[in-house]
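Note sheet for the following structure.
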Amino acid sequence: MLDLLGTLERTHTCGELRAADAGKEVVLLGWVNRRRDHGNLIFLDLRDRTGIAQVVLDKDLGAEAHLKAEQARPEYVIAAIGKVRLRGKDVINPKMPTGEVEIVASEIRLLNDSKVPPFSPAEDAIGNEEVRLKYRYLDLRRPEMQHNFAVRHKVALAVRQYLSSQGFYEIETPFMTRSTPEGARDYLVPSRVHAGEFYALPQSPQLFKQILMISGFDRYFQIARCFRDEDLRADRQPEFTQIDLEMTFPQQQTVFRVVEGFLAAAFAAVGIKLPTPFPQITYDEAMRQFGIDKPDLRLPGLTDVKFAFAANDLETLAISPGLPIVAVRIPKVGELSRKERDDNRPLFDSRKGAKLIDDLKRLEKSFPDAVNKIREVTGAQSDDLVVLVAGDATAQLRMSDTKSAGRLSEREIAVYSAAGNFRVELARKYAVRHGAFAVTEQVVGSPERDAGQVDGSAAFRPIWVTDFPMFELDEETGRWMPSHHPFTSPHEEDMDRLVSDPASVRARYYDLAMNGLELGSGSIRIHQKAVQQEIFRALGMSDEEAKSRFGFFLEALEYGTPPHGGIALGLDRLVMILAGASSLREVIAFPKTAKAIDLMVDAPTPVSDMQLRELHIRTALKS
RNA sequence: GGGGACGUAGCUCAGUUGGUUAGAGCGCUGCCCUGUCACGGCAGAGGUCGCGGGUUCGAGCCCCGUCGUCCCCGCCA
């Protein structure tokens, strides 16, 4: 028989009781985490969001309460009414925050029972994502998940407070909008009223926020849901949340200061000091130093070692003399065995003409001076792993090697990124040995975070990457594509090369990377209609096409559009970093599987013919 | 669209060269137990080996197909 709550009210949460509360009459409400039944003495661990408290039932002190406790099972919802008591010295549990006290219950009410759960929220070790996602409410009861969402809440709140203090208005934009067939695939919403027509869910509020600037709101932000119908990854969900902001009259640095401000506030909210300002690097420099546009600064970058070789060395080694030679150094990994090197070979991408030299010992036999210089210039300690990446002189490639004004050529980028990606792979594989990632885990898991400010300067390494190329060549179509989106402003002094040398045009586009993850990207936008039209043309879009897709926006640009710019940061990814999680699913309450299915509500589903008829839709499925 | 890993009790997993009645730990049920906190002790229940087909005297194990979960490539302006 279940009991009624009646007029009972909670006096304390389970996690808050301390020695100072001894003697208080309390009412605790929560879930039975565990029951330890000693016969005439029963211990119930009562759990709520705040923690766990031990409730004691002594048959001699109350047979009725004891009987209720005997009936209680894991995940029953109960009320424990009684008195807080200091535990005896020998039965204090130092592992629990509430371990110095216990509640001697005079009454237990069983408010609800529970089937035996498919897995226990009380257990630390949890597997099988399928079961976790199906019974998501049980999974979310686990303290770890509760913690992740506490972090998420605190971060979102800190961001709102900071941005509000800087004059930003939070303004919502529509979920049902128009499809703009660039970029990712849209999720579509059929219109009942307009047969055969569809709304699209926004991939981002991009054009709306620009129009809010045209509308004179000066500074806008939104914690905005975005939708992209593309295949999933551990760090990609079909719907995700961005901290989206836009402001009028910004310099790039203005945007940076705002973002640094709210990130520092967000980190502070979870007890971590994040130093500002963040370092900045241009895209070209990032490629040269890290071989990737989202550098992980927790490990050393690439080192240019071309100087160490003479021209005929390169010939002997079949290395392209015109391409860079860089060293990848991973500290403390030690010398690799033949087998380890063979195992690592598939992690190296040689498809675009990059060549890996991973046996420095062997190289040293023929080129002792070169290897010496390399060890010196990379600052390699004796237990550091060093490998070389260069251009393969024997590679047959149909890739343009034309350099445009001062920028990296495609083949140079190919060598750098082969090295950069290999660096990331090695870093991931040998994380235990180099220990650079453990620093982050330590800070994330540090219990001192609640008390005060933990130094995050070594654990979290943000960096701004600036001056991306305006366009990228689409290898399939041979068309120039915008690196970011077509509303990004080119550098004013590069404008005259839009047609003559598009590859050399730099965009006022910037990324924020942290620990090798892309956290966000933004740009200073185009605010003059003529420039916007020119960009559309450079992208191979006819004026008619531009008008039919973005006519409303081009028109808005005609009515006094102020210079403006902004950025969007992935809230889910940010929380993932701060929670020390390895998947977005750990920080999204109701995520979808890799096939974009919600296992709890079982979505998507077929709908009735009636519904389809109203929407003027017929499915093309073969039955 | 492609590649890889996994799928055996409610959960985590073992299962040898294809061979009799498929195991362990946790959980669950019952009984015992007054200081446990991953309580302990005794006894017990619990299996469509993801699903379908094939090979074989015989399949959890081999083959083909299929479904699901995860990771990656493509994709994600």
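Sequence lines set the chain letters: A, B, ... in the order given, protein chains first and strands last, and positions in each chain run from 1.
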Rounded interatomic separation in angstrom, taking [atom1] from [X] and [atom2] from [N]:
X: A:Arg35; N: B:C37; atom1: CZ; atom2: P; value: 15 Å
X: A:Ile597; N: B:U69; atom1: CD1; atom2: P; value: 5 Å
X: A:Lys115; N: B:U29; atom1: NZ; atom2: P; value: 14 Å
X: A:Leu232; N: B:G68; atom1: CG; atom2: P; value: 14 Å
X: A:Arg47; N: B:A38; atom1: CZ; atom2: C1'; value: 15 Å
X: A:His38; N: B:G41; atom1: NE2; atom2: P; value: 12 Å
X: A:Gln71; N: B:U29; atom1: CD; atom2: P; value: 13 Å
X: A:Leu61; N: B:G35; atom1: CG; atom2: P; value: 14 Å

query = How many angstroms lie between CG in A:Leu519 and CD1 in A:Ile577, if you round to the nearest 0.5 Å?
reply =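 A:Leu519 CG to A:Ile577 CD1: 4.5 Å, rounded to 0.5 Å.
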inquiry  = If you go through the side-chain atoms of A:Arg132, does one of them form a donor-acceptor pair with the base of B:U69 closer than 3.5 Å?
reply    =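 Side chain to base: no pair below 3.5 Å.
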Using the [atom1] atom on both, measure [N] against [M] and round to a whole Å.
N: B:G2; M: B:U66; atom1: P; result: 10 Å
N: B:G46; M: B:C26; atom1: C1'; result: 14 Å
N: B:U16; M: B:U8; atom1: P; result: 16 Å
N: B:A5; M: B:C63; atom1: P; result: 13 Å
N: B:U55; M: B:G23; atom1: C1'; result: 28 Å
N: B:C6; M: B:A45; atom1: P; result: 33 Å
N: B:C67; M: B:C75; atom1: P; result: 25 Å
N: B:G10; M: B:A22; atom1: P; result: 16 Å

Could you tell me whether [X] and [Y] make a salt bridge, using a distance below 4.0 angstrom between a side-chain N and a carboxylate O?
X: A:Arg87; Y: A:Glu100; result: no
X: A:Asp21; Y: A:Arg18; result: no
X: A:Arg35; Y: A:Asp37; result: yes
X: A:Arg228; Y: A:Glu239; result: no
X: A:Asp511; Y: A:Lys294; result: no
X: A:Lys547; Y: A:Asp543; result: no
X: A:Arg34; Y: A:Glu123; result: yes
X: A:Arg132; Y: A:Glu586; result: yes

Paired with [N] by Watson-Crick or G-U wobble geometry, both distances under 3.5 Å: which nucleotide is it?
N: B:A38; value: none
N: B:G25; value: B:C11
N: B:U16; value: none
N: B:U69; value: B:A5
N: B:G74; value: none

The side chain of [X] lies closest to which of these nucleotides: [options]?
X: A:Val91; options: B:C37, B:G74, B:C75; answer: B:C37
X: A:Glu130; options: B:G27, B:U69, B:U36; answer: B:U69
X: A:Leu133; options: B:C76, B:C39, B:C70; answer: B:C70
X: A:Asp231; options: B:C39, B:G74, B:C76; answer: B:G74
X: A:Arg233; options: B:G35, B:C70, B:C72; answer: B:C72
X: A:Lys595; options: B:G35, B:C28, B:U69; answer: B:U69
X: A:Arg585; options: B:C76, B:C33, B:C70; answer: B:C70
X: A:Asp37; options: B:C33, B:C26, B:C76; answer: B:C33
X: A:Asn128; options: B:C70, B:G35, B:C11; answer: B:C11
X: A:Arg73; options: B:C70, B:C76, B:U29; answer: B:U29

task = May I ask you to decide if the ring planes of A:Phe487 and A:His485 are parallel, tilted or perpendicular, using 30° and 60° as cut-offs?
result =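 Tilted.
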With a non-hydrogen cut-off below 4.0 angstrom, is [X] in contact with a base, only sugar-phosphate, or nothing?
X: A:Pro74; result: sugar-phosphate
X: A:Arg85; result: base
X: A:Arg34; result: sugar-phosphate
X: A:Thr488; result: nothing
X: A:Gln54; result: base

ask   = How do A:Gln206 and A:Thr593 order along RNA chain B: which one's closest nucleotide is nearer the 5' end?
value =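 Mapping each residue to its closest nucleotide by heavy atoms, the 5'-most match is A:Thr593.
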query = In terms of the nearest nucleotide of RNA chain B, which residue is placed more toward the 5' end: A:Gly88 or A:Ser583?
reply =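 Counting from the 5' end, the first nearest nucleotide belongs to A:Gly88.
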ask   = Hey, is the side chain of A:Arg36 poking within less than 4.0 Å of OP1 or OP2 on B:U36, counting only N and O atoms?
value =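 Looking at the OP1 and OP2 atoms of B:U36, neither is under 4.0 Å from any side-chain N or O of A:Arg36.
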key: Nucleic acid contacts of residues 94-106 of chain A, taken as heavy-atom distances under 4.0 Å to RNA chain B   =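 Hits under 4.0 Å, by residue number: A:Lys95, A:Met96, A:Glu102.
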query = Under a 4.5 Å cut-off applied to non-hydrogen side-chain atoms, are A:Asp139 and A:Arg142 in contact?
reply =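 Counting from C-beta outward, A:Asp139 and A:Arg142 do come under 4.5 Å.
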task = Would you please determine if the base of B:U36 is stacked by A:Phe43, with stacking meaning a centroid separation under 5.5 angstrom and planes under 30 degrees?
result =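 Here the ring of A:Phe43 and the base of B:U36 are stacked, with centres under 5.5 Å and planes under 30°.
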